[in-house]
Visitor: 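Shown below is the structure under consideration.
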Amino acid sequence: CHPQSTKNWFCWGDSAVGKSSLVLRFVKDQFDDFRESTIGAAFLTQTLPINDELAVKYEIWDTAGQERYKSLAPMYYRNANCAIVVYDITQAASLEKAKSWIKELQRQAPEGIVIALAGNKLDLAQERRAVEKSDAESYANEMGLLFFETSAKTAENVTELFTAIANKLPLQ
Ligand code: GDP
Ligand code: MG
């Protein structure tokens, strides 16, 4: 049994980019092709060891994230240690939305919040990619964000995403 460090997370991004699917993959290792879309927000937790001495308890708000819930964002980021802003690599417009939310987060969120940009649906890259990895990655570097392309469907890079953020957080 490891002592725990509890961290608050929230996921934000345009609708249907796969926020709920990423959280579900990380917490329950499941994927569902026909998910009901999230109304309001769901709260999930997961605890994973990050080294021999310490486990991180992830308390995650999976938000609806649509435009009409935008005014709720401060409620989440006020207490957040980290934010995952998600876009869909097959929808260029979803990256533009993600960028505008990142701008707001960097302006309003508490000092020290760790922000990650996740380009989801990597399994569709071969047939339907609309955002080049290098473009999103250089934007993320410029803004000082962690960056991963992920697939909630195949699980590629999902644990890596959460673990990379946890490793960047001050542990307490
Ligand atoms: P949210 O609105 O951002 O929470 O998106 P959801 O998690 O509800 O997912 C929206 C749709 O995209 C659903 O039909 C999912 O099955 C699908 N989806 C989510 N993640 C992936 C992924 O990594 N790959 C593929 N191919 N589909 C995905
Ligand atoms: Mg959702």
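Model, not experiment: these values are computed from the prediction. All heavy atoms count here, side chains included; hydrogens, waters and symmetry mates do not. Order of appearance sets the numbers: ligands from 1, and atoms from 1 within every ligand.
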Visitor: Would you mind running through ligand 1 and noting each atom that sits below 4.0 Å from a heavy atom of Val17?
Guide: 3 (O), 5 (O)
Visitor: Is Ser20 close enough that one of its N/O/S atoms sits under 2.8 Å from the Mg ion (ligand 2)?
Guide: yes
Visitor: Salt bridge check: are Glu149 and Arg129 linked by an N-O gap of less than 4.0 Å?
Guide: yes
Visitor: Mark up the atoms of ligand 1 that fall under 4.0 Å of a heavy atom belonging to Asn120, in ascending order.
Guide: 20 (N), 21 (C), 22 (C), 23 (O)
Visitor: Any heavy atom of Gly13 sitting closer than 4.0 Å to ligand 1?
Guide: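 Not so, Gly13 does not reach ligand 1.
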Visitor: Could you check whether any side-chain heavy atom of Leu117 comes within less than 4.5 Å of a side-chain heavy atom of Tyr87, counting everything from C-beta outward?
Guide: yes
Visitor: Using side chain to side chain contact (heavy atoms under 4.5 Å, CB included), reason through Ser21 and Phe31 one step at a time and then give a plain yes or no.
Guide: CA-CA 6 Å; Ser21 299; Phe31 179 78; 4.1 Å; yes
Visitor: Return yes if a side-chain donor-acceptor contact under 3.5 Å exists between Thr150 and Asn120, otherwise no.
Guide: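 Judged by distance alone, the side chains do pair up.
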Visitor: Show the atoms of ligand 1 that are less than 4.0 angstrom away from any heavy atom in Ala16.
Guide: 1 (P), 2 (O), 3 (O), 5 (O), 10 (C), 12 (O)
Visitor: Examine Gly18 against ligand 1 and note whether any of their N/O atoms are separated by less than 3.5 Å.
Guide: yes
Visitor: Flag the pair Tyr77 / Trp12 as yes when their ring centroid distance falls below 6.0 Å, and as no otherwise.
Guide: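 Ring-ring flag for Tyr77/Trp12: false, centres at least 6.0 Å apart.
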Visitor: Report, in ascending order of atom number, the atoms of ligand 1 lying under 4.0 Å from any heavy atom of Ser21.
Guide: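 Here the atoms of ligand 1 in question are 6 (P), 7 (O), 9 (O), 15 (C), 19 (C), 20 (N).
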Visitor: Give the atoms of ligand 1, by number and element, whose distance to some non-hydrogen atom of Lys19 is under 4.0 Å.
Guide: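 Result: 1 (P), 2 (O), 3 (O), 4 (O), 5 (O), 7 (O).
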Visitor: Please name the residue in the list Ile60, Ile50, Val56, Asn157 that meets the side-chain contact (heavy atoms from CB on, under 4.5 Å) test with Phe162.
Guide: Ile60
Visitor: Out of Glu149, Lys121, Arg25, whose heavy atom sits nearest atom 17 (C) of ligand 1?
Guide: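 Going through Glu149, Lys121, Arg25 one by one, Lys121 has the nearest heavy atom to atom 17 (C) of ligand 1.
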Visitor: Kindly determine whether Phe26 and Tyr58 satisfy ring pair (Phe, Tyr, Trp, His ring centres under 6.0 Å), including the steps that lead there.
Guide: CA-CA 10 Å; Phe26 177 63; Tyr58 302 80; 4.9 Å; yes
Visitor: Looking at Ser94 and Val17, what are the two nearest heavy atoms and their distance?
Guide: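 Minimum heavy-atom separation between Ser94 and Val17: CB-CG1, 3.7 Å.
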Visitor: Would you mind running through ligand 1 and noting each atom that sits below 4.0 Å from a heavy atom of Asp33?
Guide: 14 (O), 16 (O)
Visitor: If only side-chain N and O atoms count, and only distance matters, is there a donor-acceptor pair under 3.5 Å linking Asp62 with Ser20?
Guide: yes
Visitor: Mind checking whether Thr150 has an N or O less than 3.5 Å away from an N or O of ligand 1?
Guide: no
Visitor: Does any N or O of ligand 1 fall below 3.5 Å from an N or O anywhere on Leu124, backbone included?
Guide: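 No, there is no polar N/O contact under 3.5 Å.
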Visitor: Using a 4.0 Å heavy-atom cut-off, which part of Asp32 comes near ligand 1: side chain, backbone, both, or neither?
Guide: backbone
